[in-house]
Amino acid sequence: MFDIRRKIAGILCDVVDLSVDDIYSMLEVPPDPKMGDLALPCFKLSKILKKSPVIIASELVEKTPKSEYFEKMQAVSGYLNIFLNRKFFIREVLNEVLDRKELYGSSDIGKGKNIVIDYSAPNIAKPFHIGHLRSTVIGNSLYKIFEFMGYNCIGVNHLGDWGTQFGKLIVAYKKWGDRETVEKEKISELMRLYVKFHEEAEKDPSLEDEARAWFTKMEKGDNEALELWRWFRELSLAEFSKVYDMLGVTFDSFAGESFYEDKMQAVIKDLESKGLLEESQGAMIVNLEKYDMPPCLILKKDGSTLYATRDITAAIYRKNTYNFDKCIYVTASAQCLHFKQWFKVTGLMGYEWAKDLVHVPFGLVSIEGEKLATRKGNVVLLEDLLNKAVSKTLEIMEEKNPDLPDKERIAKEVGIGAVVFNDLSNNRIKDISFSWSEALNFDGETGPYVQYTHARTCSVLHKACCEIIGSFDESLISNDDEYQLVKTLSLFPEKVKLAMEEYEPSIISRYLIDLAQDFNRFYHNQSILVDDKSLRNARLALVQAVKYTLSAGLKLIGLSAPERV
RNA sequence: GUGCCUGUAGCUCAGCUGGAUAGAGCAACGGACUUCUAAUCCGUAGGCCUGGGGUUCGAAUCCCUACAGGCACGCCA
């Protein structure tokens, strides 16, 4: 990978006698392009070299040997400002992008390593709403990013498909439900039954006992109970699949909570034999006082397991099955303590790979400031949201581009893209207040804006049609709009790497906005399809490079890159 | 009460491994479509970076503290 910063650092480090890495990390981008492309603040050097920053900067200007990498250097009040050799830089960057095409920015650093990513994990028999969207799209994007970096990813949907809630559901179904309605209304009917159960149980607490009894039957393998459970599960999964299809999200495994039912006893024994379990108020816990954490609950006083038990079991299973390099959990930040606790327990059990367990938390979603509450009905169903986004897109398309073929498909890609992008465009740790008007806004910093920009690049390239770009004369790419665009293009590989290291898809979304803005400015100010053949060719090369990068970036955050919109 | 997270333009947010005058988008206002898709572009306006201390040549960024909001803190996940 071509990295101009490293090259410059390589030249400078000889002059000031520091390591390349030191200089590399000190180099920064000046706030204004007029001040150059890179800058070295000399204030820190001043301590080492015992000279004033101003003098160091001007000495650097004098002593640094000429090179093809940069055109000139200037000393400005303690900063060494570096102006790159534009021609050289443009050639290197564009050739790399055009050579690697949509693989520009990818890498093989993950070659031969497995990454397990646990995301989405909705609860069976509950509607899939916008609260589930975050885990799903963040996990999906991380999957794509790690894959792009050469890792082999295993996407796991750890379904909430086991627990006493199924006992409740069975009771409610048998008392107030019927097969036809459930077949017809699916999850919404299951939800209705579930809510009804809670209403009735307030009046008649014995229902709770009944529910527990049914769950016990499930655990003991009772046929009727398991058949109902299986039915609810299949029904829910079919509904979820619709949403996953719309989002373009896939999984390699659907091993959920039920999958680990028969595997937890061994883990409990393991914990016991390692002397980690102790009794407290009738329950079995792992004491974590030494680590300044509340205890981790392993067994309830009735002997049944808890989610920490299941998570530890699942982690061990995944290590044995996938031999992961990292196992990543994408869940709400409310679960931070829980993950800290059982990660610690896993470490105490002697599993050195406990350090490879990573919790990737994200902020809470509320609806226009109001808390999400499934039972109170304050939810926005994801399917509704996506459908609304698609139909709004279709409306816009009817107005702007009515002759476009395959409108339906593209409207889906753009509408859903808008929703996904919206969710991925800010820092994942921040709480989100869902707003209809924002989720359905297609102007400015949005998914459709990036997709539109991509379509623009395609459109120009299409119009230029049979021309083969082949070689181009980089010296013709000379104005500031073009140069800025190339600079932004050059940043893509490091942004992808950063997004991976920080488990932060928004780094890519933000980058795409920047790239699209730079392109649109260029597009607006410069004609691409000019008569001058070689100028035209050079600009087309630039457009081609932008197209590859936008397309690759969009895919990394789970959006498609339609050629026309 | 204790711990974790967040606080930047009217709104939504970048910037947070310290660096030059704090940036976008939305909303508002004013411009640019006979010309490669105006889902675009350009301009105007909008800021005690929550308050207070400290560290530093330099702080939105690091440390302490106060305040505000959110979340978590044993038998749900």
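All values reported here derive from a predicted model rather than from experimental measurement. A, B, ... follow the sequence lines: proteins, then strands. Residue 1 opens every chain.
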Is any N or O donor-acceptor pair between the side chain of [X] and the base of [N] shorter than 3.5 Å?
X      : N      : answer
A:N81  : B:rA20 : yes
A:S280 : B:rG74 : yes
A:Y452 : B:rA39 : no

Using a heavy-atom cut-off of under 4.0 Å over every strand shown, decide if [X] touches base, sugar-phosphate, or nothing.
X      : value
A:Q165 : nothing
A:M397 : base
A:P361 : nothing
A:Q451 : nothing
A:A121 : nothing
A:E395 : nothing
A:R310 : sugar-phosphate
A:K44  : base
A:I429 : sugar-phosphate

Of the listed nucleotides [options], the one nearest the side chain of [X]:
X      : options                : value
A:R564 : B:rG74, B:rU37, B:rA77 : B:rU37
A:N426 : B:rU12, B:rU37, B:rC73 : B:rU12
A:Y449 : B:rA20, B:rG74, B:rU40 : B:rU40
A:K47  : B:rC57, B:rC75, B:rU37 : B:rC57
A:K371 : B:rC13, B:rC26, B:rC71 : B:rC71
A:S527 : B:rU37, B:rU8, B:rC36  : B:rC36
A:E445 : B:rU37, B:rA24, B:rA20 : B:rA24
A:L364 : B:rC26, B:rC42, B:rC71 : B:rC71
A:R456 : B:rA14, B:rG25, B:rU37 : B:rU37
A:K430 : B:rG70, B:rA14, B:rU21 : B:rA14

For the pair made of [atom1] in [X] and [atom2] in [N], what is the distance, rounded to whole Å?
X      : N      : atom1 : atom2 : value
A:Y523 : B:rA32 : OH    : P     : 19 Å
A:F421 : B:rA39 : CZ    : P     : 18 Å
A:E28  : B:rC16 : CD    : P     : 12 Å
A:L337 : B:rG3  : CG    : P     : 13 Å
A:L529 : B:rU37 : CG    : P     : 8 Å
A:I432 : B:rG69 : CD1   : C1'   : 17 Å

#### Entry: Test item: side-chain donor near acceptor, A:H359 and A:T331, under 3.5 Å
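Yes, because at least one side-chain N or O of A:H359 sits under 3.5 Å from a partner of the opposite role on A:T331.
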### Task
Report yes or no: do A:N520 and A:R456 form a side-chain donor-acceptor pair below 3.5 Å?
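Yes, A:R456 and A:N520 have a side-chain donor paired with an acceptor closer than 3.5 Å.
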### Query
Is the side chain of A:S435 donor-acceptor paired with the backbone N or O of A:E438 at a distance under 3.5 Å, no angle test?
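Checking the backbone N and O of A:E438 against the side chain of A:S435, a donor-acceptor pair under 3.5 Å is found.
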Is the phosphate of [N] approached by [X] (side-chain N or O, under 4.0 Å from OP1 or OP2)?
X      : N      : result
A:S459 : B:rU37 : yes
A:K392 : B:rA39 : no
A:N427 : B:rA14 : yes

### Query
Given the P atoms of B:rG46 and B:rA66, what is the spacing between them in whole Å?
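Rounded to whole Å, the distance is 36 Å.
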### Message
Here's a test of your reading of the structure: between A:L306 and A:V460, which maps to the more 5' nucleotide of RNA chain B?
### Response
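It is A:V460 whose nearest nucleotide is closer to the 5' end.
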### Message
Pick the closest RNA chain B nucleotide for A:N441 and for A:D431 by heavy atoms, then say which residue is nearer the 5' end.
### Response
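Mapping each residue to its closest nucleotide by heavy atoms, the 5'-most match is A:N441.
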### Test log, rule side chain to side chain donor-acceptor pair (under 3.5 Å), inputs A:D302 and A:S304
CA-CA 6 Å; A:D302 67 3; A:S304 55; 2.6 Å; yes
Any cation-pi pair here, [X] with [Y], using under 6.0 Å and within 45°?
X      : Y      : value
A:K495 : A:Y511 : no
A:K168 : A:W214 : no
A:R428 : A:Y503 : no

### Query
Taking the chi torsion of B:rC33, is it syn (within 90° of 0) or anti (everything else)?
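Base orientation relative to the sugar is syn.
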